[in-house]
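Residue numbers start at 1 and run along the sequence shown. Please read these numbers as outputs of a predicted model, since none were measured by experiment.
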Amino acid sequence: MTNTDRGQWRSRMGFILAAAGGAVGLGNIWKFPYVAGMNGGSAFLLVYLVLILFLGLPVLIAEVMLGKATQRNPVGAFKALDHEKSPWRMIGFMGVLAAFMILSFYSVVAGWCIEFIIQGAKGAYSSSSSPEDVQKLFAALTSSPSKQILYHGIFISMTIAIVYAGVQSGLQRVCEVLMPLLIVILIALIVFAMKQEGWQKGVRFLLEPDASKLTPNTILAAMGQCFFSLSLGMGAMLTYGSYLRKEDNVVSSSAWVAVMDTGIALLAGFVIFPIVFTFGVEPAAGPGLVFVSLPGAFQQLPAGTIAGIGFFVLLLAAAVTSAISLLEVIAAYFVDEFKMDRRKVSIGFGFLCFLIGIGCAVSGNFFDILDKTSSNYLLPIGALLISMFAGWVLKREIAQSDFKDTKFAKLFGLWLSSVRFIAPVLVVLVFLNKLGVFK
Ligand code: PHE
């Protein structure tokens, strides 16, 4: 395929919304609250925000820059910038491994949304259902592997069908509607949350500093969440960058993506924790947090059924746009490296993810291992390598051209030292801290 028929984003806003659509997904609305809840809330949030700024943003700029400069997939990009047998191709390989692991459990969680849409249609969020019953829905779902496998199968089939048909170009239009709608529904839910008795408790949980909760695990989890949420460290954002037009600005586009992604996670946090405290849900309840807490709130809303169904439909749609970018990384790798047929690759490897995902539906432990290994280890190592590549191997002129003659010209030095030193050192420090070196 030549560069001219790869297609490009329609406008800068188009890129921002499409890339934000790829980044915004279950990571913001399902994972962020549950990981924050398990890691002490405010301590986690503070570290998370600091890492987004000093680690996430520079690496995001690096990935988008590498994609834009080469207009290639994650493996091809490193070959093009270095040489055919470049060891940096490893990044592409690790990214594919991460994509397999993430897509497998991601699809199971997305499948949970389908159940909550169906339950909504059956009237679970109407005021006539009891709050106790709606809280039990999640436990009932997770104790039924067959139901979870069915939904997981439906979700992964949808993802495969889109990648197979190559209609990603339509993605931009979907994201242009999806992102604003998601923000609107979250704001509406915040207004509801503000009126609940748990509002202050929820806000305090997220904002009141408590250094005692700042453990090595909290810091590691915050780093993992930073990369997971921004889709970094595995080439997904590099792929998005490869569709940028020459005149598009890498720095401001990346900054916007980071702002939208973080903003949506924060909105979700300020919706969920007040509701968690109002309904007496345990903040550290784990992966079921959103599914146990929100349905109870929908029951109290005047148009609860519509709000609830609408919410889970939007979440499902946001999950699809992220899942596509995961499968896309896998597909691009095999098509490029092994000259395999794109359609066969999407079906074959999508099916493999379906099989691995069955393990997640059956065993919470297996789920946890895939979730933690990918976010907390594979993505950070990938991000570390990408940032070193951009800082030390990539020709300076290429990197500089994305800053030169823009209002960000003065920030080039800061970005360069971030990807050369700050980001790699931070990742290593977080790992060493986790290993107990600083005790
Ligand atoms: N960032 C996505 C989310 O928050 C998940 C994802 C991770 C997608 C890595 C692609 C690559 O849901």
*So does F54 have more than 12 non-hydrogen atoms from other groups sitting under 6.0 Å from CZ?*
no
*Between K68 and D248, is there a side-chain N and carboxylate O pair less than 4.0 Å apart?*
no
*Do any N or O atoms from the side chain of S42 and from the backbone of L207 form a donor-acceptor pair under 3.5 angstrom?*
no
_On the six-membered ring of F228, is K31 placed so that its NZ or CZ lies under 6.0 angstrom from the centre and within 45° of the ring axis?_
yes
_Ion pair check, E337 and K79, cut-off under 4.0 Å_ = yes
*Does G22 offer a backbone N or O that forms a donor-acceptor pair with the side chain of S322 under 3.5 Å?*
yes
*Does the separation of the ring centres of F155 and Y106 fall below 6.0 angstrom?*
no
*Heavy-atom closest pair, residues G382 and I91*: O-CG2, 4.5 Å
*Would you confirm whether T373, through its side chain, and I369, through its main-chain N or O, come within 3.5 Å as a donor-acceptor pair?*
yes
*Over 12 non-hydrogen atoms of neighbours within 6.0 angstrom of CH2 in W88*: yes
*For residues F408 and F403, establish whether the separation of their ring centroids is below 6.0 Å.*
no
_Does Q400, at its CD atom, have more than 12 non-hydrogen atoms belonging to other residues, nucleotides or ligands within less than 6.0 Å?_
yes
_Checking K213 against N39: is there a side-chain donor and acceptor pair closer than 3.5 Å?_
no
